[in-house]
Amino acid sequence: MLHLRLIVPVDLRDPVLGCLDDCVGVTHVVLLPDAAVRPAGDVVLCDVARESADEVLAALRGTGLPERGAIDVQEIGLTLSAAADEAERLAPGEGADALVWEAVSEITHEESTLTGVYLAFLAVATMLAACGAVLDSAILVVGAMAVGPEFGPLAGLCVALVQRRARPALRSLNALVTGFAVAMASTVLFTLVMDALGLFTREEFDAVRPNTSFIWQPDATSFVVAFLAGIAGLLSLTSAKAGMMVGVAISVTTVPAAANAAVALGYGDFRQFWGSSLQLLLNLAGIVLAGLLTLLVQQGAWERIRRRARRVRRPRTAG
């Protein structure tokens, strides 16, 4: 269940309450007249089955409430209520499978914005992966995967493309391109400093590295891994049962490739540079393609469930 807190101008009270009455899956509706001060208006509280959340939020948007009042949405951990159970029973589909576009868009907007913290995390992750590549350490590579934040812009790009929204798509692309450019440039400088200190050597980088050589030797498996990682990542974003920390599976084919390309560029090893760059591009393409297909399949399946539910609820007329 989701909990909604609405700040409703007085003249929108009836349209908002009408929306809540018309939508299935809504329960525990509470009206607090004139309780809001800024902006002024009523406060309306209600609980909504996750399966109905997208429809309810779209209906509330249609009243103009976001522009003149407010809509706050929170997850409910536990609800002991027969009315809530009945609301979930009447709502179409399963809550874990529900695609709540408002929530997905909000998460990806926050995660795909180019900020100083995002650049710092991506640069540090790439430097960690560089250490793992030179030292052939799988542990360091996994550590870099856990730090990498690039799944946010990748998911944001997928969501924006499915919703056909140009500005969020450009924002996500900017975060990806600028982020990897800054991270790789920082890692080239980091490589030169480490080499000057004697902590990195060209011999180590050129040696046989059984644990990390796959990074700069892309093949068909690389694309398959990226594709599967993209599916897992988008499902973690849209599902109520999964979290955002599937980033490790995403970073396995992005941050290490960017790091190896940066180290190779620092040493002038263009063979490894081009191989790592191809690995990076292949995996970014695989993740985005998988994300798009996952969202489209979810969107289509959920629309069919809603249409079927509407036909069931539609009153029968006399023959």
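Because only heavy atoms are used, hydrogens play no part in the values below, and waters and symmetry mates are left out as well, while side chains stay in.
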Can you name the closest pair of heavy atoms from [X] and [Y] and give their distance?
X	Y	answer
Thr201	Asp195	CA-OD1, 3.9 Å
Ala125	Val255	O-CG1, 3.6 Å
Val159	Ser105	CG1-OG, 4.2 Å
Pro153	Glu111	CD-O, 3.5 Å
Val56	Val48	CG2-CG1, 3.9 Å
Val141	Ala133	CG2-N, 4.5 Å

Hydrogens and angles aside, do Thr27 and Glu86 bring a side-chain donor and acceptor to less than 3.5 Å of each other? no

Might you confirm whether atom [atom1] of [X] has over 12 heavy atoms from other residues, nucleotides or ligands at distances under 6.0 Å?
X	atom1	answer
Arg5	CZ	no
Ile139	CD1	no
His109	NE2	no

Validation row: [X], [Y] side chains within 4.5 angstrom (heavy atoms):
X	Y	answer
Arg202	Asp269	yes
Leu65	Pro9	yes
Thr221	Phe214	no
Leu295	Thr238	yes
Val73	Val100	no
Val26	Asp47	no
Gln272	Tyr267	no

Evaluation steps, side chain to side chain contact (heavy atoms under 4.5 Å, CB included), between Asn260 and Phe273: CA-CA 7 Å; Asn260 202 80; Phe273 172 76; over 6 Å; no

Report the C-alpha separation of Val30 and Leu32 in whole Å, then their side-chain angles, then the decisive distance to 0.1 Å, and conclude whether the side chain to side chain contact (heavy atoms under 4.5 Å, CB included) test is met. CA-CA 7 Å; Val30 177; Leu32 304 175; 4.0 Å; yes

May I ask you to decide if [Y]'s main-chain N or O and [X]'s side chain share a donor-acceptor pair within less than 3.5 Å?
X	Y	result
Thr63	Leu60	yes
Gln279	Thr254	no
Asp136	Asn211	yes
Ser277	Trp274	no
Asp219	Ser222	yes
Tyr118	Thr113	no
Thr79	Ser81	no

Take Asp72 and Leu4, measure what side chain to side chain contact (heavy atoms under 4.5 Å, CB included) needs, and give me the verdict at the end. CA-CA 6 Å; Asp72 295 334; Leu4 271 59; over 6 Å; no

Is there a side chain to side chain contact (heavy atoms under 4.5 Å, CB included) between Ile71 and Leu57? Walk through the geometry before answering. CA-CA 8 Å; Ile71 303 174; Leu57 293 174; 3.9 Å; yes

Group every Ile, Leu, Val, Met, Phe, Trp and Tyr by side-chain heavy-atom contacts under 4.5 Å, then state whether Val134 and Val142 land in the same group. no

Classify the angle between the aromatic ring planes of Phe190 and Phe200 as parallel (below 30°), tilted (30 to 60°) or perpendicular (above 60°).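 Answer is perpendicular, since the angle exceeds 60°.
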
Among residues at least two apart in sequence or on other chains, which ones pass side-chain hydrogen bond (donor to acceptor under 3.5 Å, both in side chains) with Asp34? none

What I want to find out is whether Arg209 reaches Glu204 closely enough, with some N-O distance under 4.0 Å, to be called a salt bridge.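 No, no charged N to carboxylate O under 4.0 Å.
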
With a 4.0 Å cut-off on N to O distance, would you call Glu75 and Arg50 a salt bridge? yes

